[in-house]
Enquirer: 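There's a structure below that I have some questions on.
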Amino acid sequence: MQRDYFNDVYDVVRQVPLGRVTTYGAIARYLSLRAGARMVGWAMNSSHGLDVPAHRVVNRLGVLSGKNFFGHPTAMQELLEAEGITVNDDRVVAFDRLYWDPSEELTV
DNA sequence: CACTTGACTTTAA
DNA sequence: GTTAAAGCCAAGT
C-alpha cells in the first residue's frame with residue numbers, strides 16, 4: 001500500500017464539523033506529513049468527486065486559496081456561507097473562532 | 001530523465 | 001510591519 005495519505009487527508013477533512021474550517025498545515029501536522037501543507041492541497045486536487053468538503057479547508061490566513069479550483073470562483077464561498085460561515089473578501093470571518101484543529105478535537 | 005510548478009508554512013532581513 | 005527566500009514532496013511538462 002502506497003502512502004495513501006490522500007485518504008487520510010480526506011478522512012480528516014470529512015470529520016471537520018459543519019460550520020468549522022481547518023487549515024492545510026493543521027491536517028499535515030496531524031498526519032505528521034513531513035511533506036508539509038502543500039501535499040494536503042495536492043490531495044484536495046484529487047478529491048474532486050469525493051465527499052471531501054474541501055471548501056472547509058483554507059490556508060492559515062483563513063483565505064479561500066482554492067476557491068479558484070471549485071469550478072466557479074464563488075462556489076467555495078457559497079458553500080461556506082451555506083454552512084453558516086461568513087466569508088468576506090475571500091476570507092473566513094472570525095476564522096480564529098471557526099478554526100478546527102484535528103489534534104484538538106480528535107484527541108491525540 | 002531533469003526542470004518547473006503548486007489549493008502552504010515558517011523564518012529571516 | 002512588509003517583503004523575500006527556503007523547505008517540503010508530488011505531479012505535470
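In what follows, every heavy atom counts, from backbone to side chain, and hydrogens, waters and symmetry copies are set aside. Lettering follows sequence order; numbering is per chain, from 1.
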Enquirer: B:dT9 phosphate, OP1 or OP2: any side-chain N/O from A:R29 under 4.0 angstrom?
Expert: no
Enquirer: Suppose you measure atom P in C:dA6 against the same atom in B:dT5; what distance do you get, rounded to whole Å?
Expert: 15 Å
Enquirer: How is A:A43 classified with respect to the nucleic acid when contacts are heavy atoms under 4.0 Å: base, sugar-phosphate, or nothing?
Expert: nothing
Enquirer: Rounded to whole Å, how long is the line connecting atom CD1 of A:I27 with atom C1' of C:dC8?
Expert: 16 Å
Enquirer: Would you kindly give the CG-to-P distance between A:D90 and B:dA7, to the nearest whole Å?
Expert: 15 Å
Enquirer: Hey, quick one: are A:V57 and A:V12 part of the same hydrophobic cluster, counting side-chain heavy atoms closer than 4.5 Å, chains of contacts allowed?
Expert: yes
Enquirer: Among B:dT9, B:dA7, B:dG6, which nucleotide sits nearest the side chain of A:W42?
Expert: B:dG6
Enquirer: For A:N45 and B:dG6, what is the distance between atoms CG and P respectively, to the nearest whole Å?
Expert: 12 Å
Enquirer: Starting at atom CG of A:N59, determine the distance to atom P of B:dT10, rounded to an integer number of angstrom.
Expert: 11 Å
Enquirer: Could you tell me the separation between the CZ atom of A:R60 and the OH atom of A:Y24, rounded to the nearest 0.5 Å?
Expert: 14.0 Å
Enquirer: How close or far is atom C1' of C:dA11 from atom CE of A:M44, stated in whole angstroms?
Expert: 16 Å
Enquirer: Stems in DNA chain B: runs of 3 or more consecutive Watson-Crick or G-U pairs, distances under 3.5 Å?
Expert: B:2-6 with C:9-13, B:8-13 with C:2-7
Enquirer: Specify the separation, in whole Å, of atom CE of A:M39 and atom P of B:dT5.
Expert: 16 Å
Enquirer: Check every strand shown and say whether A:H48 touches a base, only sugar-phosphate, or nothing at a heavy-atom separation below 4.0 Å.
Expert: base
Enquirer: I need the full list of salt bridge (Lys or Arg N to Asp or Glu O under 4.0 Å) pairs touching residues 76-85 of chain A, with sequence neighbours left out, sorted by first then second residue.
Expert: A:R56-A:E83
Enquirer: Is the CG atom of A:D89 crowded by more than 12 outside heavy atoms at less than 6.0 Å?
Expert: yes
Enquirer: Quick check on the hydrophobic clustering: are A:W42 and A:M44 connected, directly or via other members, by side-chain heavy-atom contacts under 4.5 Å?
Expert: yes
Enquirer: If only atom types and distance count, is the side chain of A:Y99 paired as donor or acceptor with the main-chain N or O of A:T23 below 3.5 Å?
Expert: no
Enquirer: A:Y99 has an atom OH; how far is it from atom P of B:dT9, in whole Å?
Expert: 9 Å
Enquirer: Would you classify A:G41 as touching base, sugar-phosphate or nothing, given that sugar-phosphate means primed atoms plus P, OP1 and OP2, and contacts are heavy atoms under 4.0 Å?
Expert: base
Enquirer: According to a 4.5 Å side-chain heavy-atom criterion applied to Ile, Leu, Val, Met, Phe, Trp and Tyr, with indirect links allowed, do A:L50 and A:V13 form part of one hydrophobic cluster?
Expert: yes
Enquirer: From CG of A:L64 over to C1' of B:dA7, roughly how many Å is that when rounded to an integer?
Expert: 11 Å
